[in-house]
Amino acid sequence: MVGKRLIMMGPPGGGKGTQAKRIQERYNVLQLSTGDMLRAAIAAGSPVGKQAKAVMDAGKLVSDDLLIEMIDKRLDDKDCANGFVLDGFPRTIPQAEGLENLMANKGLKLDAAIEVRVPDEKLLERLTGRYTCAKCGEGYHDKFKLPKAAGVCDVCGGKEFSRRSDDKADTVKTRLKAYHAQTAPLLPFYERKGVLKVVDGDRDIGLVAADLERILGL
Ligand code: ADP
Ligand code: AMP
């Protein structure tokens, strides 16, 4: 394997979370989704959540300083010791530079940044059809990933599901703009560092996963 400190990159709805969860389950590394962390902060009513909520609802990016501090603290937790897959972070050049500094301070090396590449025209359908189990968070899709038994979560048997409020068409458009303007410039940034790996994400979930395993040498 190339190593166990990875970044999962790509547009909203590209399949970052889906693939990062698979890597977590199979290779004993922790998936760290900054979107999930921020949604948990909102649900808990914490100061971070209060600061982030309006920005997230608008489909824009939360401040770099807040995100860098959040990841800096989180990587010190014991469950990150065996490795991690960052999902949704970094999303701007200052965040990528912040990550580089904080990892250097911790004596950690980034092993790979993976781009899950999906054309824009596929993303709206991916996002507007997305839902998750309210109990365990397992992800599903109206068309591309249905539970085996209708209305019952494959993983935990839960029967309640939820949809993200920012997966509405209008907000998706703002999120895609933010991706192209602020996050896509990270791809050449990591390419120059020689750690970028590209996977074609415009295929069946299982095929993308298999390709990823091959690319990472898992
Ligand atoms: P991201 O974390 O990049 O925002 P997700 O992993 O949540 O994206 O995927 C978005 C939606 O698309 C989910 O409903 C997921 O089930 C579905 N999905 C993920 N990968 C694929 C794929 N390769 N083909 C079709 N649908 C997919
Ligand atoms: P995600 O779950 O990755 O789709 O993120 C949902 C939302 O959380 C984004 O649209 C942003 O508003 C916010 N967010 C998540 N990660 C970051 C980040 N690294 N930088 C800034 N905002 C973020």
Side-chain angles (χ1 to χ4, degrees), residues 7-24 31-43 48-49 51-72 74 85-99 114-120 122-133 137-147 153-155 161-168 170-179 181-183 186 199-212:
I7 299 174
M8 194 68 80
M9 298 192 56
K16 301 182 295 296
T18 303
Q19 298 299 333
K21 281 208 178 92
R22 285 195 171 214
I23 293 179
Q24 161 170 277
Q31 177 211 8
L32 280 180
S33 155
T34 45
D36 285 350
M37 290 164 82
L38 291 168
R39 281 183 289 276
I42 292 174
V48 166
Q51 210 179 316
K53 184 170 185 334
V55 182
M56 289 173 73
D57 284 346
K60 299 193 171 151
L61 295 186
V62 177
S63 93
D64 290 334
D65 289 350
L66 191 152
L67 265 295
I68 292 166
E69 196 188 332
M70 199 167 85
I71 287 294
D72 193 10
R74 187 66 181 87
V85 189
L86 293 173
D87 164 8
F89 179 92
R91 255 180 161 98
T92 64
I93 294 282
Q95 288 183 20
E97 289 168 349
L99 178 66
I114 303 148
E115 178 195 1
V116 185
R117 191 174 286 175
V118 179
D120 270 18
K122 300 287 177 77
L123 299 171
L124 184 64
E125 188 181 25
R126 290 251 191 123
L127 290 168
T128 52
R130 167 161 74 179
Y131 62 99
T132 51
C133 171
E138 180 68 5
Y140 294 97
H141 191 280
D142 290 328
K143 190 163 153 190
F144 304 124
K145 191 186 166 204
L146 291 158
C153 175
D154 295 344
V155 176
F161 297 87
S162 63
R163 289 180 192 263
R164 279 170 50 177
S165 54
D166 62 346
D167 279 346
K168 291 192 194 83
D170 273 0
T171 320
V172 166
K173 282 182 198 142
T174 311
R175 289 165 62 201
L176 283 180
K177 272 192 201 145
Y179 176 75
Q182 291 169 276
T183 308
L186 295 188
V199 64
D200 176 5
D202 188 14
R203 293 170 304 156
D204 208 70
I205 293 174
L207 291 177
V208 179
D211 210 15
L212 210 55

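Note that ligands are numbered from 1 as they come in the structure, with each ligand's atoms numbered from 1 the same way.
In this structure the side chain of Val118 reaches within 4.5 angstrom of the side chain of Arg126, judged on heavy atoms. Residues Arg117 and Asp200 form no side-chain contact, since every pair of their non-hydrogen atoms from C-beta on lies 4.5 Å or further apart. Under the 4.5 Å side-chain criterion, counting only non-hydrogen atoms from C-beta, Val172 is not in contact with Leu123. Looking only at side-chain heavy atoms (C-beta outward), Ile23 and Gln31 stay at 4.5 Å or farther from each other.
Under a cut-off of 6.0 angstrom, the local environment of CD in Glu69 is sparse, with at most 12 non-hydrogen atoms contributed by other residues, nucleotides or ligands.
Considering only non-hydrogen protein atoms, atom 20 (N) of ligand 1 sits nearest to Ile205 CG1, 3.5 Å. In terms of protein heavy atoms, atom 7 (O) of ligand 1 is closest to Arg130 NH1, 2.6 Å. Protein heavy atom at the shortest distance from atom 2 (O) of ligand 1 is Gly17 N, 2.8 Å. In terms of protein heavy-atom proximity, atom 8 (O) of ligand 1 is closest to Gly15 N, 3.2 Å. Considering only non-hydrogen protein atoms, atom 4 (O) of ligand 1 sits nearest to Gly13 N, 2.8 Å. Of the protein's non-hydrogen atoms, the one nearest atom 11 (C) of ligand 1 is Arg126 O, 3.5 Å.
For Tyr179, the ring-ring contact (aromatic ring centres under 6.0 Å, His included) test picks out no residue, with sequence neighbours left out. Evaluation of the ring-ring contact (aromatic ring centres under 6.0 Å, His included) rule for Phe144 yields His141 as partners, not counting sequence neighbours.
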Got a list of side-chain donor-acceptor pairs under 3.5 Å for residues 34-41, not counting sequence neighbours?
residue: Thr34; atom: OG1; partner: Gly88; partner atom: O; Å: 3.1
residue: Asp36; atom: OD1; partner: Arg39; partner atom: NH2; Å: 2.8

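Between Lys145 and ligand 1, no pair of N/O atoms sits closer than 3.5 Å. Between Pro12 and ligand 1, not a single N/O pair is under 3.5 Å apart. An N or O contact shorter than 3.5 Å is missing between Asp87 and ligand 1 by distance. An N or O contact shorter than 3.5 Å is missing between Gly139 and ligand 1 by distance. Residue Gly14 has at least one nitrogen or oxygen atom sitting less than 3.5 Å from a nitrogen or oxygen atom of ligand 1, judged on distance alone. Checking only distances, Thr18 does come within under 3.5 Å of ligand 1, N or O to N or O.
Partner of Asp87 under the side chain to side chain contact (heavy atoms under 4.5 Å, CB included) criterion, out of Lys21, Gln19, Lys16, Gln24: Lys16 alone.
A salt bridge links Arg175 and Asp167; the closest N-O separation between the charged side-chain nitrogens and carboxylate oxygens is under 4.0 Å. We find that Lys145 and Asp154 are not joined by a salt bridge, their nearest charged nitrogen and carboxylate oxygen being 4.0 Å or further apart.
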Going through the checks in order, is the side chain to side chain contact (heavy atoms under 4.5 Å, CB included) test met by Leu99 and Phe89? CA-CA 9 Å; Leu99 178 66; Phe89 179 92; 3.9 Å; yes
Would you check, one step at a time, whether the test salt bridge (charged side-chain N to carboxylate O under 4.0 Å, His left out) holds for Asp166 with Arg164? CA-CA 5 Å; Asp166 62 346; Arg164 279 170 50 177; 3.0 Å; yes
Working note: Ile71 + Gln95, criterion side chain to side chain contact (heavy atoms under 4.5 Å, CB included); need CA distance, chi angles, decisive distance, verdict. CA-CA 10 Å; Ile71 287 294; Gln95 288 183 20; over 6 Å; no
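Interface of Pro11 with ligand 1, defined as ligand atoms under 4.0 Å from a residue heavy atom, comprises 3 (O). For ligand 1 and Phe144, the ligand atoms under 4.0 Å from any heavy atom of the residue are 25 (C), 26 (N). Which parts of ligand 1 touch Tyr140 is read off a 4.0 Å heavy-atom cut-off, strictly below it: atoms 13 (C), 14 (O), 16 (O). Those atoms of ligand 1 with a heavy atom of Gly201 less than 4.0 angstrom away are 23 (N).
When heavy-atom distances to ligand 2 are checked against 4.0 Å, the residues falling inside are Thr34, Gly35, Leu38, Arg39, Met56, Lys60, Leu61, Val62, Leu67, Gly88, Phe89, Arg91, Gln95, Arg164, Asp166, Arg175, ordered by chain and number.
When non-hydrogen atoms are compared, ligand 1 lies under 4.0 Å from the backbone of Arg203 (N, CA, C, O) but not from its side chain.
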